[in-house]
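Working notes, beginning with the structure itself.
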Amino acid sequence: MPELPEVETVRRGLDGLVSGQKITALRIDYNRMIKSDLTTFKNNLINQTIHEVNRRGKYLLFELGEQTLISHLRMEGKWLSYLSTDIPDNKHFHGFFDLSNGQTLVYQDVRKFGTMELVRTDKLADFFADKRIGPEPTETDFNLRTFQHQLSGSQKKIKPYLLDQSLVAGLGNIYVDEVLWLAKIHPSEIARHLSAKKVAELRGAVIHILEKAVKYGGSTIRSYKNALGLDGTMQDYLQVYGKTGQPCARCGTPIEKYKLAGRGTHFCPKCQKLKKV
DNA sequence: CGGGATGTTGAGCA
DNA sequence: GTGCTCAACATCCC
């Protein structure tokens with residue numbers, strides 16, 4: 001469940017549940033999801049107080065003071081909360097964090113792609129710089145001039161470029177298709193073929209779509225159980241993702257789907273035309 | 001049953 | 001640097 005709006009929705013739910021709570025015990029049943037040293041991870045987390053839960057791009061940040069627990073949900077990671085004495089059996093529960101208020105924070109991940117690691121808080125900026133995570137998709141952080149400069153110098157196709165997180169943080173496969181539909185840009189368009197005006201519209205669409213999705217609590221698509229904070233309704237407002245064959249809301253042309261850089265890609269063949277080369 | 005697809009990312013290779 | 005394929009893993013849907 002992991003694009004920025006879903007992660008932000010989880011963050012808000014978690015923050016209220018765990019802020020001020022101390023981790024009194026923890027158990028990890030799937031060691032490979034811990035990217036930093038496992039022994040250090042356990043030793044350094046125990047007895048730590050979670051001051052707040054923040055977010056950067058699609059990463060959740062549990063602020064512990066000197067250290068920060070970074071959690072990435074990847075495809076199917078979820079955080080759940082149970083009374084410590086009442087945790088159901090589930091073969092996809094991989095991490096258990098007992099809190100001082102009698103609750104246990106449980107990490108569930110069907111596909112086991114999600115990751116956790118503990119980093120020194122003063123190294124957080126380096127962590128995201130190393131991963132080339134771009135600015136947050138906000139009016140203040142997401143600079144138009146920088147964006148235009150990056151696109152004007154690139155031969156990359158716009159959708160895969162937007163997905164690599166370096167231009168702007170937080171877009172995933174659902175919202176990138178929505179953004180390109182809104183901005184009327186073909187997903188395979190070459191970045192430097194976009195006019196300055198188009199790039200400005202694209203930036204506006206990124207900010208608008210992600211803000212709207214956060215407002216509606218993200219999208220709940222293939223999620224079965226409603227994980228923490230995942231009762232989103234943004235799926236009711238999607239225009240192209242999962243709408244193959246249905247009429248475009250703007251022009252009525254059936255939405256098409258093709259594969260681009262390994263990802264299912266939805267677009268309107270009339271509204272989103274490739275530029276003639 | 002076989003094959004393909006799924007809200008992600010990073011490694012390996014031409 | 002860039003672009004592609006695959007891999008991590010489990011489940012669902014033809």
Considering only side-chain heavy atoms of [X], which listed nucleotide, [options], is closest?
| X | options | result |
| --- | --- | --- |
| K58(A) | dC9(C), dG7(B), dT9(B) | dT9(B) |
| I174(A) | dA8(C), dG7(B), dT9(B) | dG7(B) |
| K259(A) | dA5(B), dT9(B), dT11(C) | dA5(B) |
| R263(A) | dT11(C), dG7(B), dC9(C) | dG7(B) |
| K257(A) | dG10(B), dG7(B), dT6(B) | dT6(B) |
| Q155(A) | dG7(B), dA5(B), dG3(C) | dG3(C) |
| F113(A) | dG7(B), dT11(C), dC9(C) | dC9(C) |
| V110(A) | dG10(B), dT8(B), dT11(C) | dT11(C) |
| I221(A) | dG7(B), dT11(C), dT2(C) | dG7(B) |

Using Watson-Crick or G-U wobble geometry with both distances below 3.5 Å, tell me the partner of dC9(C), or none.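 In the structure as shown, dC9(C) has no Watson-Crick or wobble partner.
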Report the base-pairing partner of dG7(B) (Watson-Crick or G-U wobble, both distances below 3.5 angstrom), or none. none
Could you label the plane-to-plane angle of the [X] and [Y] rings as parallel, tilted or perpendicular, counting under 30° as parallel and over 60° as perpendicular?
| X | Y | result |
| --- | --- | --- |
| Y30(A) | H94(A) | tilted |
| F93(A) | Y82(A) | tilted |
| Y258(A) | F267(A) | perpendicular |

Side-chain N,O ([X]) to OP1/OP2 ([N]) below 4.0 Å:
| X | N | result |
| --- | --- | --- |
| H92(A) | dT11(C) | yes |
| Y175(A) | dG7(B) | no |
| K78(A) | dG7(B) | no |

Nearest-nucleotide wise, let me know which of R132(A) and P160(A) is further upstream toward the 5' end of DNA chain C. R132(A)
Does D177(A) use its side chain to pair, donor to acceptor, with the backbone of H266(A) at less than 3.5 Å? yes
Can you check the [X] [atom1] to [N] [atom2] distance for me, whole Å?
| X | N | atom1 | atom2 | answer |
| --- | --- | --- | --- | --- |
| R111(A) | dG7(B) | CZ | P | 9 Å |
| M116(A) | dA8(C) | CE | P | 21 Å |
| Y161(A) | dT2(C) | OH | P | 7 Å |
| M75(A) | dG10(B) | CE | C1' | 14 Å |
| H94(A) | dA8(C) | NE2 | C1' | 12 Å |
| R74(A) | dG7(B) | CZ | P | 14 Å |
| D109(A) | dT9(B) | CG | C1' | 13 Å |
| K157(A) | dC4(C) | NZ | C1' | 10 Å |

Enclosure of K184(A) NZ (heavy-atom neighbours >12, cutoff 6.0 Å): no
Quote, to the nearest angstrom, the [atom1] distance that separates [N] from [M].
| N | M | atom1 | value |
| --- | --- | --- | --- |
| dG7(B) | dT2(C) | C1' | 25 Å |
| dT5(C) | dG4(B) | P | 14 Å |
| dG3(B) | dC6(C) | P | 15 Å |
| dG12(B) | dC9(C) | P | 16 Å |

Under 4.0 Å between a side-chain nitrogen and a carboxylate oxygen: does that hold for E211(A) and K215(A)?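 Answer for the salt bridge query: no.
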Base, sugar-phosphate alone, or nothing: which one does G264(A) contact when heavy atoms must sit under 4.0 Å apart?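 Sugar-phosphate, backbone atoms only, no base.
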